[in-house]
Amino acid sequence: MRNAFADEITKIGASDSRVVVLSGDIGNKLFDRFKLKNEGRFFNCGIAEANMMSVAAGMG
Amino acid sequence: MNDLKKIASEIRGRIIATSHSTRTPHLGSCLSCTDILVAAYFDTLKIDPTKPADPNRDRFILSKGHGAAALFQVLGMRGFYSEAMLESYGEDGSLFAEHPPTPEHLPGIEAATGSLGHGLSIGLGMALAGRIKGQIYDVTVLLGDGECNEGSVWEAAMMAPIHKVGNLLAIVDFNKWQGTGRSEEVMELGPLVDKWRAFGWEACEIDGHDMGALSGVLGQPRARIGKPQAVVAHTVKGKGVSFMEDDNNWHYRIPDADELAAAYRELGLKP
């Protein structure tokens, strides 16, 4: 299921430059393709979810 | 500088008067950051009150959202909305209460803060978004010292330097008190400037009531790519009125008419 998510968000991200992915250090290589196709719009926020949520809020 | 000091006295008067008439607390917390807000909004922020949604505007986040009573007066005087709107303060359904409303409700508000520990993360997100979109703006976040108890503050402090957001500045209103007692008794912060520096920030400390120092540090041009800045501003809770200074009763206490009149006299304001 997480692969399906990664595939889908990679496609959406490629066609909509507003899409940014924040991850809490999950998934070995899961977002590699997203990072390749959507440079500058991926941030691994580490295992720090509270910060990650509010960083997302600030980006909205 | 004298103009800024006069504005700050006027703002203090309005904060105290409104606290009295609407029974809104957090007076001490509002008075300690008044000078920071005045330096920012009347001197250093690159903003246009007629264009509150300008994508290239500087962002200021009041992470210590209980200082809203101060922010509301500053935004009103600065022209983000008519000062007449503040007459509804404290009424049922008013936009003006103890904490900022969500941004779409009031021009000039960048985040609905009040729950502590989120503003620095929000500011970091704004700084990163600006970079993605190729927009040039500075982000300034005002935190409380009690707020620095929040783990999420330090999560943001860890992440910001990694991304070299040189346009992000965190300023701590270090008034030495928090909700129920002195910060050093409730949760000693230790060497606060050293902590920020150890996290990778360009850190300094100043007198948070020195307008020249505030304008200097807040107004300095920031690098697009570089260390984010942390300013520990030493302040006095309740600053500006002798009987309110450094007295934590004024965290929640509402001034009565006599106290309001005395405050006005000290601030050099006509009632």
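Chain naming here is simple, since letters A, B, ... match the order of the sequence lines and numbering starts at 1 in each.
Here the options are B/D58, B/N56, B/D54, the test is side chain to side chain donor-acceptor pair (under 3.5 Å), and the partner is B/K46; only B/D58 passes.
Taking each heavy atom of B/L142 and B/C33 in turn, the nearest pair found is CD2-CB, 3.8 Å.
The aromatic ring centroids of B/Y81 and B/F96 lie less than 6.0 Å from each other.
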List the steps, then state whether side chain to side chain contact (heavy atoms under 4.5 Å, CB included) holds for B/H234 with B/E205. CA-CA 7 Å; B/H234 292 280; B/E205 52 195 321; 2.7 Å; yes
In sequence, state the C-alpha distance, the side-chain angles, and the governing distance for A/F42 and A/V20, and then conclude on side chain to side chain contact (heavy atoms under 4.5 Å, CB included). CA-CA 6 Å; A/F42 176 88; A/V20 175; over 6 Å; no
Side chain to side chain contact (heavy atoms under 4.5 Å, CB included) evaluation trace for B/Q220 with B/L169: CA-CA 11 Å; B/Q220 210 173 59; B/L169 185 149; over 6 Å; no
Where do B/T102 and B/I109 land on the side chain to side chain contact (heavy atoms under 4.5 Å, CB included) test, with the steps shown first? CA-CA 7 Å; B/T102 44; B/I109 301 293; over 6 Å; no
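Only the backbone of A/E49 comes within contact range of chain B, with at least one heavy atom under 4.5 Å from a heavy atom of that chain.
Inspection of the B/Q178 and B/N149 side chains reveals an N or O donor paired with an N or O acceptor under 3.5 Å.
Listed by sequence position, B/E155, B/A156, B/M159, B/H163 are the residues of residues 153-167 of chain B in contact with chain A, using a 4.5 angstrom heavy-atom cutoff. When the heavy atoms of residues 122-140 of chain B are compared with those of chain A, the residues falling under 4.5 Å are B/I122, B/L124, B/G125, B/M126, B/L128, B/A129, B/I132, listed by number.
Highest contact tally toward chain B, considering only A/M52, A/E39, A/M53, A/M59, is held by A/M59 [criterion: heavy-atom pairs under 4.5 Å].
For the pair A/K37 and A/F34, the cation-pi test (distance below 6.0 Å, angle within 45°) is failed.
A distance of 9.5 Å separates OG1 in B/T34 from CD in B/Q73, rounded to the nearest 0.5 Å.
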